[in-house]
There are 2 protein chains.
Amino acid sequence: MDRYESEDRADTFIPHAFQERTIELGEVRLNYVRVGNPNKPALLLIPGQTESWWGYEAALPMLAEHFEVFAVDLRGQGRSSWTPGRYTIDNMGSDLVRFIDLVIRRPTIVSGLSSGGVISAWLSAYAKPGQIIAAHYEDPPLFGSERKDPEFMATDGSPFALWNKYLGDQWQIGDWSGMKAAAPRELFPWLARFILIPDEPSQNMKEYDPEWGRATCEGTLMGGCDHARMLSRVKVPVLFTHHFNGVEPATGREMGAISAANAQRARELLIGTGNRFDYQLHPSMGHSMHAQDPALFSRTLIEWSAALRAR
Amino acid sequence: MDRYESEDRADTFIPHAFQERTIELGEVRLNYVRVGNPNKPALLLIPGQTESWWGYEAALPMLAEHFEVFAVDLRGQGRSSWTPGRYTIDNMGSDLVRFIDLVIRRPTIVSGLSSGGVISAWLSAYAKPGQIIAAHYEDPPLFGSERKDPEFMATDGSPFALWNKYLGDQWQIGDWSGMKAAAPRELFPWLARFILIPDEPSQNMKEYDPEWGRATCEGTLMGGCDHARMLSRVKVPVLFTHHFNGVEPATGREMGAISAANAQRARELLIGTGNRFDYQLHPSMGHSMHAQDPALFSRTLIEWSAALRAR
C-alpha cells in the first residue's frame, strides 16, 4: 500500500504542543503549524532534510512573541505528502510560493536550515514578486550540494547515501540496524563522529522519505538550480549564519555543511545584488542552531528583523 | 552581452495585430496577449517548442467570440525571459500557475501544443486547487519525450538536437546555413521530409532559445516529471487530439509526436482518473492543428467547452 499521505502513515506520528494543520496545494498536502501574533511580521520556518516542523518546537514560544510564525513540513517530511520522483528544489520552492499565497497571504520573512536554507535562498531569488521580505540561510550547503562542486558531499560517505541505501525509497527497505552497523565504515570519518544513530528508528527519520536522500546523491535535488545563478538573482536582504566548518587534517576533506571558500563565494554574489547582507560565523555551532541553541536562534532572528525595520 | 530579456533582443521581433503585454512573475517576465470577452470562460493557450504566442494569431478572432483568451510565450520563447539552465516542465508549469494567479485570476481552460501539451497535462494534474477547469492536449509527446521511453525521439535525429547543435544555447553559434545543410543527413528521414528549413532564420526560430532543445535531448526538460504518475493525478476533464502518426515502413520507426500505443496508454490512465475524457484522432493533421487549420482548432475547442458546460 502506498504511504504517500500522512493518514497512510498514521502510526508514525507523535503528539505535539502546537496544533497541526493541512493545506491542499494541488500536487501536495502540506502540514504546518501557525503560532504567534497576526499583527507581527510573518516568519516562515523551513526545516532541514530529515527534520520536521517540530525541529523548531523549542524556539516557537520565543519567536511567537515577535512574529506570526509558520513552521512547515516540506514534501517528503513529517505529515506532508511523499512524492516519489519529484524531490527537486524547484518543486519544493514552488510549494512554498503556493503556501505563502494561500496560507500566509502577506509578505514574509523566511528562514531555512541546510537544504531548507537553499530553499530559503531559492525563495529570495525566485518567489513571486512581493512575497519575501528577507531571508535567513541557516548553514546552507550552497555549491557543495551541487554535483559539479568539488566538495560535493552527497555521494558515498554522505548520510544521504547511507539513509537511502539502508532505508530505501519510502522506507521500502527499512534496515535500521544494518544502517547503524554500516555507519562507522560507510560515513566519512568526521561525519561518523557527528552522526550518532540510536538503536531504534528516531522519530524524525521515521517521518522522512529517504528517496530525498537519493535525489540528493543523484544530483536531481539541485539539478535544475545553479546556485551561483540563483544567488545573483536574490532580491531581498539576507542573513547567512555559518556554523562549524573546517578541514579534517588527516584527510584534507572539508567538514561542515559549507566551506569557508564557498561561503565567501556566496557572500560575494549576495553583496553583488546590492541588497543588505549580514554574515555571522558561529564556528562552534553544530549544523542546526535552532535545535542546539533555540534561544540564540530566536534572538538572532528577532534582532536581525528589528535591524531591517530600523533602517 | 546577455540576451535574456526581450529588450536585449529587440531587433528580433516583428509587429502583431494584438497588443502584447508583460507580467513580472518573480523569476521570469512572461509576454502574452489578452483578447475576447471577460464574461466568457477564460482560455489559456500554450505554444509548442519553437513557437511563440502568435502561432495562435489566426485562431484568436474565432476563439475571442467564445472565450477570454490568453496566449503566452513560455520561458525561452518569444518575448519572455530566456533562463539558461532552467528549462524544465516543472518550472514552466509553475510559471503558468503564477500567470493564472496574477493575470487571469479565475478558473481557466488550458490548451497546449506538443511540449505545451505536456504542460497542459502538468497543469491538469499539479496546478493550484481550482485553477483549471479542463485541459486540451494538442498532439502531446507523452511518454515519448521521456528519456526512458523506447520511442524517445529527442536524441540524434531529432530536430531538438539539430537546432541546439547548429544554433547553440542562446543562439551562441547561430550557424543557420550549416543547420540547413546538415538537416537532410542528420534528421530522421521522415522528419527531414516534414521539416523544411528556409534559407534565412525563420521568425519563430529567432524568438526561440535553442538551449530548450538541449534540455529536451539531455532529458532535463521532463527529468523530474514522470508522465504516467502525472496523468494518474489529473483532476479535470481532458480533450486529447491526436494527429498524424504511424510507423515508417522502411525503418520501423514511429513517426509523429505520439504513437498509437502511447496514446492508448495515456487514454487508460486518464480514464482511470474518473474525469471525462474525450479523444479525437486526426490522422491527416500535421503536428499543429491551430497553425494548419485554425478554424477546425477553434471549432473543436468551442464545441468541447460547450459540451462540458452542458453536462
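The figures here come from the full heavy-atom set of this structure, side chains too, leaving out hydrogens, waters and symmetry mates. Just so we're on the same page: letters track the sequence lines, and every chain starts at 1.
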Looking at B:Pro129 and A:Gly26, what are the two nearest heavy atoms and their distance? CD-N, 3.5 Å
Hey, does A:Arg229 have a side-chain heavy atom less than 4.5 Å from the side chain of B:Thr83? no
A:Ile132 portion near chain B, given a 4.5 angstrom heavy-atom threshold: neither
Chain B interface, residue from A:Asp226, A:Asn91, A:Thr220, A:Thr88 that has the most non-hydrogen pairs under 4.5 Å: A:Asn91
Cut-off 4.5 Å, heavy atoms of chain B, and the answer for A:Arg233 is side chain
Exercise: identify the closest heavy-atom pair between B:Tyr126 and A:Arg98: O-NH1, 2.7 Å
Chain B contact via A:Val28 - which portion, at a heavy-atom distance below 4.5 Å: neither
What heavy-atom pair brings B:Cys225 and A:Arg86 nearest, and what distance separates the two atoms? CA-NH1, 3.5 Å
If you tally heavy-atom pairs under 4.5 Å against chain B, which of A:Pro84, A:Ala215, A:Gly93 wins? A:Pro84
Let me confirm one number: the NZ-CD distance from A:Lys235 to B:Glu27, rounded to the nearest 0.5 Å. 7.5 Å
